[in-house]
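A short write-up of the structure that comes next.
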Amino acid sequence: MVGAAALRHPTWPLPNVNGDSASSRLLLGVDYYPDQTPEALWEEDSRMMAEFGFTNVRIAEFAWALMEPSEGKFDFAWLRRALQTLHKYNIAVVLGTPSAAPPPWLTAKYPEIVEVNALGAPLHPGGRRFTCPTNKTYRRLSLAVANEMARAFMDAPGVIGWQIDNELTLSSSPRCYCNYCRAGFQEWLRTKYGSLDNLNRTWGTVFWSQAYTDFSQIPVPLPSGGDPNPGLALDYNRYQSYANTSFLEEQLAVLRKTCPRHFVTTNNVGLPLDLIDLRSLYEKLDFVAFDNYPGFFEMLLHEQTKSGSVSWDYIYTATALGHDFARSLHGKPFMIMEEQSGKAGQRTFSPQPDKGQLRLWTYQAIAHGAMGVNYFRWDTANFGAEEYWHGILNHDRSKSRGYDEIKQTVKEVKALGPEVLNSTYPAETALVFDYDCDWALQLQPGHQGLSYMTQITSWYGSIASSRSGIDVIAPGADLAPYKIVFAPVVFVLSEAQAARIKAFVQNGGMFVSNFRLGVKTESSQMVRTPLPGLLRDVMGVTVEDYVPIYSAKHAVKFSATLAGPDGECGIWADILQPSGAEVLGTYTSGGYAGRAAITMNSFDKGKAVYIGADLDAASLARVLRSLSASAGVKQLLEAPAGVEATVRRSGGKQWIFLLNHTDTVQAVNIPGPSTDLLTGEWLTGTVRLSGYGVRVFEVS
Ligand SMILES: [Zn+2]
């Protein structure tokens with residue numbers, strides 16, 4: 001059955017922009033703050049945005065204090081005037097509900113709405129996102145302002161959709177540990193487990209004398225004399241996701257009821273950030289919208305690693321992973337709600353993107369399945385915490401360095417048109433990303449260097465070097481559409497997930513995993529069978545031992561099937577005992593010299609590969625590429641390092657995107673002659689890509 005949400009996209013009524021029906025379905029806009037801008041400038045801004053080519057704005061998501069200056073007293077007159085001015089210039093509007101920034105009157109009257117951080121300390125009003133997702137007062141007041149907004153603008157000309165809240169959980173404290181959350185957690189557990197007997201058994205609370213005799217005794221994982229129960233701690237992550245999702249869905253219900261013709265989404269930052277289960281957050285929304293700041297990410301990495309330079313290979317790969325994840329959430333085109341448009345940051349800020357990079361990042365999103373892009377932001381704030389977050393206009397309202405480039409990009413993307421932007425993204429390969437594995441491994445990594453997110457990003461980069469489409473899927477997803485499924489560090493594995501993997505391999509698929517496979521049950525208990533637990537028959541091996549590695553250096557020698565130079569084993573080694581599987585790699589040093597490090601098992605019609613060693617990047621890329629090829633995954637084309645190649649399809653048409661993330665000219669052999677849709681240039685044979693250059697062309 002097709003649900004209402006499926007019908008809503010992309011049929012929302014958009015104003016006819018400049019009489020051009022082809023662009024009437026596009027979302028090529030900018031984030032705009034009339035609440036922060038003198039009203040005398042609204043007309044000029046609207047005219048300039050229309051001349052720029054923007055089809056829409058997103059506004060009002062932080063304007064609670066202006067919309068509700070005191071409790072229950074609403075004032076939307078200013079916003080109505082702003083909408084009228086924008087509409088005069090055919091700028092459509094996405095309205096943001098303002099719950100990410102409660103006003104001072106609210107926190108003065110209801111100080112209990114603040115979040116409590118992981119050390120048990122309350123956050124304080126004065127920033128944003130300092131709120132508890134469980135607190136009923138905060139929920140009631142958030143819902144009230146959203147409801148009044150919906151009623152005020154349900155029929156307002158130009159309004160096309162809604163963004164609920166802003167970047168849920170993206171805060172100095174992504175989890176709340178307050179007493180309201182504790183009570184909410186206890187209720188959630190009561191529903192999940194039914195009885196305390198069941199809960200005590202599932203968590204193993206007999207350990208350290210933690211048996212609960214009343215649900216009200218159950219704590220949240222605040223600092224204690226030792227680490228929390230792993231089952232409790234994993235469930236708390238799940239509860240916090242549930243709390244945020246149900247908070248969002250309260251507003252969604254109001255918007256659905258009052259504004260049935262408008263789309264509803266939210267904006268968040270996807271992988272490699274992993275604070276909340278975005279699959280559940282976006283489940284009932286019309287489409288996925290994400291925020292994307294590659295340059296800001298570069299700055300963050302630099303600050304975290306304290307290193308002199310950050311690899312752009314890593315940044316563009318992580319960005320591509322985020323885009324593929326965004327598309328895979330609904331399996332259809334997504335939107336960038338905030339795209340970097342200049343220097344970005346709060347206390348510190350990223351460099352000005354090089355000439356060509358802003359355009360490149362827009363096309364990277366589209367190449368991976370975006371249907372629309374909103375730039376952050378139109379002008380640059382002269383006050384507030386984000387004075388350094390540069391927009392398309394500078395502080396003095398002069399044109400930023402990126403102004404002309406973004407304007408040109410918007411013009412080009414409009415010319416590409418809705419057929420390309422709403423086309424599908426084919427993928428024969430899947431990469432499994434699982435929040436349970438991620439969160440459970442964060443709680444008990446086994447080795448301080450073992451990070452699920454690092455493994456996922458590293459595997460994604462290796463697979464992407466095969467130049468073929470990748471979906472980033474949930475462990476419970478349908479695996480049948482794929483030729484090969486990669487699933488690194490499946491630390492937590494349910495019986496249902498194991499059954500799907502088994503059926504996939506039985507039916508001819510190739511399943512590739514690595515160390516720490518099937519170690520834990522869904523409730524974060526260690527499995528009681530030899531590893532890899534539920535998948536021992538499919539993998540055709542038993543894990544004889546599992547070894548974190550610190551100072552020792554171990555090597556891996558490959559068999560003829562994976563022939564290549566010896567690899568290095570990094571921080572982890574699973575020692576494999578084949579029971580029918582072919583050995584593809586062997587440890588050559590240390591106490592396990594000569595034992596199997598990599599195996600491949602034929603299981604019914606398919607194959608299952610176990611990579612026990614934490615291979616160095618070059619070896620991993622070579623091995624995963626080789627496995628992709630053997631599974632029959634078609635490589636789109638050959639491209640040099642630093643160049644991405646993707647394809648999108650619609651009906652019988654398909655378009656190839658080439659993206660050069662390096663600052664030097666690169667050359668790519670294309671499959672057949674075609675016309676560059678961006679320049680009109682005739683392309684044949686070897687095609688040149690300028691530094692940060694992009695090519696889009698149709699192929700038969
Ligand atoms: Zn709370």
Side-chain angles (χ1 to χ4, degrees), residues 61-62 64 71 97-146 164-193 199 203 212 214-224 227-253 266 268-269 273-278 280-281 435 439 442-443:
E61 81 280 8
F62 289 118
W64 194 340
E71 185 171 358
T97 68
S99 38
W105 63 256
L106 193 156
T107 44
K109 186 171 179 185
Y110 305 105
E112 70 275 17
I113 73 157
V114 298
E115 189 169 357
V116 169
N117 72 15
L119 296 175
L123 303 191
H124 300 274
R128 71 177 203 196
R129 185 87 288 139
F130 49 75
T131 49
C132 165
T134 306
N135 184 278
K136 286 192 168 55
T137 303
Y138 170 55
R139 284 178 167 231
R140 175 173 61 78
L141 293 162
S142 297
L143 202 54
V145 68
I164 295 175
D165 201 277
N166 181 83
E167 296 175 345
L168 282 158
T169 73
L170 203 63
S171 152
S172 60
S173 172
R175 305 270 186 271
C176 182
Y177 299 84
C178 78
N179 285 335
Y180 300 100
C181 283
R182 178 176 164 169
F185 182 45
Q186 290 163 350
E187 277 310 299
W188 183 83
L189 293 169
R190 193 191 294 272
T191 303
K192 176 171 180 175
Y193 291 102
L199 178 144
W203 284 357
Y212 301 106
D214 193 293
F215 276 96
S216 67
Q217 299 160 356
I218 298 170
V220 297
L222 282 166
S224 185
D227 282 345
N229 178 292
L232 179 150
L234 181 55
D235 268 340
Y236 199 67
N237 279 301
R238 293 165 173 155
Y239 169 71
Q240 284 285 308
S241 262
Y242 161 79
N244 279 283
T245 298
S246 65
F247 170 79
L248 173 137
E249 288 180 355
E250 282 184 357
Q251 293 190 40
L252 176 63
T266 189
N268 218 296
V269 179
L273 267 182
D274 52 5
L275 308 175
I276 178 175
D277 180 349
L278 294 177
S280 59
L281 188 74
Y435 285 99
W439 294 337
Q442 284 179 31
L443 292 161

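We count residues from 1, following the sequence as given. First listed ligand is number 1; within each ligand, the first listed atom is number 1.
- Shown here are the salt bridge (Lys or Arg N to Asp or Glu O under 4.0 Å) partners of Glu61, two or more places apart in sequence or in another chain: Arg58.
- For Trp439, the ring-ring contact (aromatic ring centres under 6.0 Å, His included) criterion is met by Tyr435, not counting sequence neighbours.
- Side-chain N/O atoms of Gln442 and Asp274 include a donor and acceptor closer than 3.5 Å.
- In this structure, Lys136 places its NZ atom where only 12 or fewer heavy-atom neighbours from other residues, nucleotides or ligands lie under 6.0 Å away.
- Counting only residues at least two apart or in different chains, salt bridge (charged side-chain N to carboxylate O under 4.0 Å, His left out) contacts with residues 117-130 comprise Arg128-Glu167, Arg128-Glu386, Arg129-Asp165.
- Only protein N, O or S atoms were scored, and 4 of them lie under 2.8 Å from the Zn ion (ligand 1).
- Taken from CG in Asn268 to CD1 in Ile164, the straight-line distance is 12.5 Å, to the nearest 0.5 Å.
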